[in-house]
Amino acid sequence: MNTARKFILVSSTKKPGKVRAKLRAKPCAKLEMHKLPFVGNDHVDLKQGGVSFWDVPLTGGYFGGIETGSAIANMYLIHLRRQGGGEDRNVLSLSAIYCAMIARAPRTKEEVETLNGQVVGFSNVVQGWLDASVQQLGRNLDASDGKLEPLLNLANAGLDSGDANARFENLCDKIGFSS
């Protein structure tokens with residue numbers, strides 16, 4: 001029987017809590033995305049409660065992080081495949097994962113190196129799938145070949161938060177959503 005070891009963390013600012021040393025399967029979770037081993041609150045202290053979409057121990061160093069991130073990316077891709085297409089599917093978004101990675105607050109040099117490795121490993125696997133998708137499904141990208149000016153203008157427009165906020169407000173108004 002594979003059981004996760006639990007450690008008690010002692011802090012002078014709060015009560016000790018249980019933290020798992022490794023990732024674990026969660027087959028009984030209600031939502032499919034919550035069944036993913038890297039989603040939860042075993043390794044992250046969330047002040048508001050809820051779950052983190054990058055609940056991964058920051059151990060293993062840079063190269064261990066690459067291995068961990070690569071494995072997690074493949075778990076994520078399997079999750080996407082199992083959930084199928086369509087807008088009504090209950091699937092974890094890539095942006096939620098990256099936001100959770102950014103929200104992690106490494107406290108030691110090893111944790112920083114580990115998180116960097118995890119991001120690199122995860123991103124390398126996703127990059128491989130993006131490359132394949134662009135080659136197989138990217139025909140509409142051909143229409144914009146060599147026409148980077150509109151995209152450059154859009155990227156630069158996003159650098160001005162006042163203008164970006166106004167565009168977002170207008171978009172919300174158009175679709176009948178008040179921000």
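Worth knowing before you read on, the calculation uses all heavy atoms, side chains too, and leaves out hydrogens, waters and symmetry mates.
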With a 4.5 Å cut-off on side-chain heavy-atom distances among I, L, V, M, F, W and Y, is there a chain of contacts connecting [X] to [Y]?
{"X": "V91", "Y": "M75", "result": "yes"}
{"X": "I78", "Y": "W54", "result": "no"}
{"X": "L23", "Y": "V119", "result": "yes"}
{"X": "L77", "Y": "V56", "result": "yes"}
{"X": "V44", "Y": "I102", "result": "no"}

Between [atom1] of [X] and [atom2] of [Y], what distance do you get to the nearest 0.5 Å?
{"X": "E113", "Y": "F63", "atom1": "CD", "atom2": "CZ", "answer": "9.5 Å"}
{"X": "L31", "Y": "K26", "atom1": "CG", "atom2": "NZ", "answer": "12.0 Å"}
{"X": "K22", "Y": "T59", "atom1": "NZ", "atom2": "OG1", "answer": "9.0 Å"}
{"X": "N153", "Y": "L148", "atom1": "CG", "atom2": "CG", "answer": "11.0 Å"}
{"X": "N74", "Y": "F122", "atom1": "CG", "atom2": "CZ", "answer": "9.5 Å"}
{"X": "R24", "Y": "D55", "atom1": "CZ", "atom2": "CG", "answer": "8.5 Å"}

Spell out, as yes or no, whether a donor-acceptor pair under 3.5 Å connects the side chain of [X] to the backbone of [Y].
{"X": "D160", "Y": "N156", "answer": "no"}
{"X": "R104", "Y": "L115", "answer": "no"}
{"X": "N41", "Y": "V51", "answer": "no"}
{"X": "Q118", "Y": "P57", "answer": "yes"}
{"X": "H79", "Y": "L92", "answer": "yes"}

- request: Give the intermediate values and the outcome of side chain to side chain contact (heavy atoms under 4.5 Å, CB included) for residues R82 and E32.
  value: CA-CA 10 Å; R82 286 184 178 160; E32 286 301 314; over 6 Å; no
- Task: Assess the side chains of D131 and Q127: does a donor N or O sit below 3.5 Å from an acceptor N or O?
- Result: yes
In short, G121 meets S70 closest at the heavy-atom pair O-OG, 3.4 Å
Nearest heavy-atom contact between G61 and T114 is N-OG1, 2.9 Å
Run I97 and M101 through side chain to side chain contact (heavy atoms under 4.5 Å, CB included) and show every step you take.
CA-CA 6 Å; I97 293 172; M101 288 176 179; 3.8 Å; yes
Under the side chain to side chain contact (heavy atoms under 4.5 Å, CB included) rule, what do F53 and V39 come out as? Steps first, then yes or no, please.
CA-CA 5 Å; F53 298 121; V39 173; 3.8 Å; yes
### Task
Would you check, one step at a time, whether the test side chain to side chain contact (heavy atoms under 4.5 Å, CB included) holds for L94 with Y76?
CA-CA 9 Å; L94 188 58; Y76 175 66; 3.8 Å; yes
